[in-house]
Amino acid sequence: MTWETLRAGFTLWDAGALALLVLAWAGATWFIEHPPRGRPSTSVLMAGYRRAWMEVFVTRDPRIFDSQIVGSLRQGTAFFASASMIAIGGGFALIGNADRLRGVAQDLAPSVDPVVVLEIKLMLMMFFAANAFLKFVWSHRLFGYASILMAAVPNEADHPAAYPRARKAGEINVTGARSYNRGLRSVYFGIASAAWLIGAAALILATLITLAVILRREFASGSREVLLENSDKME
């Protein structure tokens, strides 16, 4: 690999497309987790319901229903963590057969990048897959922490430790969900980064579409409108 090879494979358009991808990924996460006070995101609204769940959990008897919910949350994180591992393995396999990938790219784009350039683009996809894996694994562990805290909540609602422990479980639950959502966004933008194999213009388009889909789901979806209804007196 030489500097001339890299300069021939990457242009200013590639640099701009990559910068847009990173800014969209990081910016979307920050904006979703710190939305304007008057326009909360779906994730923020759901965090409120997670905390309310733990408050209601104190007086629910039996608590089998709650344990089933936590179990399903952990199953979801385990599934996506396994899928991310498979994606990472697939990325290494593609890097090992970059010459074949170059033939596929040649069918999709008029100009074909050097093999080393294709390998670098694959490494970007693997970066998002690895980040998603780490987020899902941490989310899985946090939901495990939450389940232990829930088990430590006394059955007597008037016990002095009941609601403080329930609130702790709620915060850990919210933190686990935050990590899970970050992992999902890494998956979304990781898929968008695959468009870079076609070219910078394709990456820009894929990034903008992915960003629009994510923001719509967080700020303009039908499910968000349901959560905003105050018929249940939710703050």
Side-chain angles (χ1 to χ4, degrees), residues 25-37 39-85 88 128-190 214-215 217-219 221 223-224 226-228 230 232-235:
W25 170 52
T29 295
W30 188 90
F31 188 65
I32 289 169
E33 295 178 0
H34 304 85
R37 184 178 298 272
R39 192 171 181 80
S41 63
T42 300
S43 297
V44 170
L45 293 172
M46 283 303 302
Y49 278 96
R50 289 176 184 274
R51 295 185 178 97
W53 167 25
M54 290 298 102
E55 295 286 334
V56 175
F57 160 80
V58 174
T59 57
R60 186 164 17 239
D61 186 33
R63 297 173 174 176
I64 297 176
F65 175 71
D66 305 277
S67 64
Q68 290 176 337
I69 296 175
V70 175
S72 66
L73 292 175
R74 299 196 74 191
Q75 287 177 359
T77 57
F79 169 79
F80 280 109
S82 299
S84 299
M85 281 290 291
I88 294 171
F128 280 108
N131 183 75
F133 170 75
L134 294 174
K135 296 299 183 184
F136 289 133
V137 168
W138 182 234
S139 176
H140 186 272
R141 191 168 186 178
L142 286 172
F143 285 137
Y145 291 164
S147 65
I148 294 173
L149 284 169
M150 291 167 66
V153 174
N155 288 325
E156 300 80 15
D158 56 351
H159 192 286
Y163 283 98
R165 290 181 183 175
R167 282 190 286 270
K168 286 183 179 180
E171 291 305 318
I172 296 296
N173 194 311
V174 169
T175 305
R178 184 184 303 121
S179 184
Y180 178 79
N181 290 331
R182 289 179 178 179
L184 285 179
R185 283 191 288 274
S186 288
V187 171
Y188 295 154
F189 283 104
I214 290 175
L215 294 181
R217 291 178 177 177
E218 289 288 342
F219 294 99
S221 63
S223 56
R224 179 180 177 277
V226 173
L227 294 174
L228 282 173
N230 201 28
D232 58 353
K233 308 302 180 183
M234 186 71 179
E235 294 294 336

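Predicted, not measured: the structure shown is a model, and the values here were computed from it. Hydrogens, waters and symmetry mates are skipped; everything else that's a heavy atom, side chains included, is used. For the single chain, residues carry numbers from 1 onward in sequence order.
Annotation: the span from Phe57 atom CZ to Leu149 atom CG amounts to 10.0 Å, rounded to 0.5 Å. Here CG of Leu227 is found 7.5 Å from OG of Ser221. Values are rounded to the nearest 0.5 Å. To the nearest 0.5 Å, the span separating OG on Ser223 from CZ on Arg217 amounts to 9.5 Å. Here the straight-line distance linking atom NE2 of His140 with atom CD of Gln75 works out to 8.5 Å at 0.5 Å rounding. Atoms NE2 and OG1, on His34 and Thr29 in that order, are 10.5 Å from each other to the nearest 0.5 Å. To the nearest 0.5 angstrom, Phe128 atom CZ is 13.0 Å from Ile88 atom CD1.
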Problem - side chain to side chain contact (heavy atoms under 4.5 Å, CB included) between Glu171 and Lys168, intermediate numbers included - result: CA-CA 5 Å; Glu171 291 305 318; Lys168 286 183 179 180; 5.9 Å; no
Exercise for the section: Determine, stepwise, if the pair Trp53 / Met150 fulfils side chain to side chain contact (heavy atoms under 4.5 Å, CB included). Expected result: CA-CA 11 Å; Trp53 167 25; Met150 291 167 66; 4.2 Å; yes
Problem - From CA spacing to verdict: side chain to side chain contact (heavy atoms under 4.5 Å, CB included), Asn181, Ile32 - result: CA-CA 10 Å; Asn181 290 331; Ile32 289 169; over 6 Å; no
Practice task
Report the C-alpha separation of Arg63 and Asn155 in whole Å, then their side-chain angles, then the decisive distance to 0.1 Å, and conclude whether the side chain to side chain contact (heavy atoms under 4.5 Å, CB included) test is met.
Solution key: CA-CA 10 Å; Arg63 297 173 174 176; Asn155 288 325; 3.5 Å; yes
Exercise for the section: May I have the step-by-step check of side-chain hydrogen bond (donor to acceptor under 3.5 Å, both in side chains) for Glu33 and Ser43, ending in yes or no? Expected result: CA-CA 7 Å; Glu33 295 178 0; Ser43 297; over 6 Å; no
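Under the 4.5 Å side-chain criterion, counting only non-hydrogen atoms from C-beta, Pro40 is in contact with Leu228. Between Phe143 and Asn173, some side-chain heavy-atom pair lies under the 4.5 Å cut-off. With contacts defined as side-chain heavy-atom distances shorter than 4.5 Å, the pair Asn131/Trp25 qualifies. Side-chain contact check for Tyr180 versus Leu73: every heavy-atom pair is 4.5 Å or farther apart. Side-chain contact between Lys135 and Ser84 is absent, with no heavy-atom pair separated by less than 4.5 Å.
Shortest non-hydrogen contact noted between Ser139 and Ser179 is N-OG, 3.8 Å. Contact between Ala146 and Ile172 at its shortest, heavy atoms only, is N-CG2, 3.8 Å. For the residue pair Gly183 and Ala132, the shortest heavy atom distance occurs at O-CB, 3.6 Å. Shown here for Phe133 and Ala81, the closest heavy-atom pair between the two residues is CD1-O, 3.4 Å. Shown here for Ala157 and Val58, the closest heavy-atom pair between the two residues is CA-CG1, 3.9 Å. Heavy-atom minimum distance, Ser147 versus Gly144: OG-O, 2.6 Å.
Surrounding CE of Met46 are more than 12 heavy atoms belonging to other residues, nucleotides or ligands, all under 6.0 Å away.
Exactly one of Phe136, Trp138, Tyr188 qualifies for a ring-ring contact (aromatic ring centres under 6.0 Å, His included) with Phe80. That residue is Phe136.
A side-chain donor from one of Arg141 and Tyr145 sits under 3.5 Å from a side-chain acceptor of the other.
In this structure a side-chain-to-backbone donor-acceptor pair under 3.5 Å is missing from Ser41 to Phe219. At distances below 3.5 Å, at least one donor-acceptor pair connects side-chain atoms of Thr77 with backbone N or O atoms of Arg74.
Ion pairing between Arg224 and Glu218 fails under the 4.0 Å rule for side-chain N and carboxylate O.
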